[in-house]
Amino acid sequence: QMPLVWVELAAVDAAVFAKTACVKAIPDGEGGDLLSRRLWAEGIRSYLIAPLLVQKRLIGALILDSSMEGAFSSEHIDVATQVATSLAVGLENSRLLAAVQLELAERTQAEEALRQSEASLWQKAEDLSARNAELDAFAHTVAHDLKAPLSLLTGYTSFIAAGEVA
């Protein structure tokens, strides 16, 4: 289990992790900075930090610590750097995959909403078409029903105009 000091350090000073891979031996618990004293208290005598970088952007750090002084060699640094690079690529690919999946889900939702909207519009168009047909039928009926009385009135007014009605 990772000592809490690393978590606290990451929260306070991420710049410590942004360096190229580094190895540090912890001096005895009496001297040194606060970090060194905290690590000493945790039983850590040396550590190796390899940053997880993606396009020069820090996304994390691979931290190895040991209870032995001088536990890490240049070969350890090389291996840790390679592992950190692979981890960074894997984490970035995972982040990108999650972003693509989220976008795909959002697009699928938008397409479904568009399909529902289109179906609703088609239904409204059908309803309007049916109403228009009903209005046309009503107008035809009204025109037919008014034609007979209007013909009668037209004929009557022509008799009045001709002076045939007293």
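Remark: side-chain polar atoms of Ser129 are not paired, donor with acceptor, to backbone N or O of Ala125 under 3.5 angstrom. Side-chain N or O atoms of Thr141 include one that pairs as donor or acceptor with a backbone N or O of Ala137 at under 3.5 Å. Judged purely by atom type and a 3.5 angstrom limit, Thr85 uses its side chain to pair as donor or acceptor with the backbone of Thr81.
Two different hydrophobic clusters hold Leu91 and Val89 under the rule that ILVMFWY side chains link at heavy-atom gaps under 4.5 Å. Hydrophobic clustering, with ILVMFWY side chains joined whenever heavy atoms are under 4.5 angstrom apart, groups Leu146 together with Phe138.
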Let's go through Val83 and Leu62 carefully: what are the C-alpha distance in whole Å and the side-chain angles of both, what is the deciding distance for side-chain contact (heavy atoms from CB on, under 4.5 Å) to 0.1 Å, and is it a yes or a no?
CA-CA 8 Å; Val83 169; Leu62 172 64; 3.9 Å; yes

For Thr108 and Leu104: C-alpha separation, side-chain torsions, deciding distance, then whether side-chain contact (heavy atoms from CB on, under 4.5 Å) applies.
CA-CA 6 Å; Thr108 302; Leu104 181 62; 4.3 Å; yes

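Across all their heavy atoms, Ala88 and Ile59 have their closest contact at O-CD1, 3.8 Å. When all heavy atoms are compared, the tightest approach of Pro51 to Leu58 is CB-CD1, 3.8 Å. Across all non-hydrogen atoms, the minimal contact from Met68 to Ser46 is O-OG, 2.7 Å. Across every non-hydrogen atom of Leu52 and Ala84, the tightest pair is CD2-O, 3.1 Å. The two atoms that bring Arg57 and Glu92 nearest to each other are NH2-OE1, 3.4 Å, heavy atoms only. Pairing each heavy atom of Leu64 with each of Ala80, the nearest pair is CD1-CB, 4.2 Å.
Within the model, atoms CG of Leu87 and CG of Leu53 stand 12.0 Å from one another, a figure rounded to the nearest 0.5 Å. Separation of atoms CD1 (Ile49) and CG (Asp65) is listed at 9.5 Å; rounding is to 0.5 Å.
Other residues, nucleotides and ligands place no more than 12 heavy atoms under 6.0 Å from the CZ atom of Arg131. Enclosure of atom CD in Gln123 by more than 12 non-hydrogen atoms of other residues, nucleotides or ligands within 6.0 angstrom is indicated.
Using bins of under 30°, 30° to 60° and over 60° for the plane-to-plane angle, the ring pair His76/Phe72 lands in the perpendicular bin.
Ion pairing between Arg115 and Glu112 holds under the 4.0 Å rule for side-chain N and carboxylate O. Look at Glu111 and Arg107 and you find no salt bridge, because none of the NZ, NE, NH1 or NH2 atoms lies under 4.0 Å from a carboxylate O.
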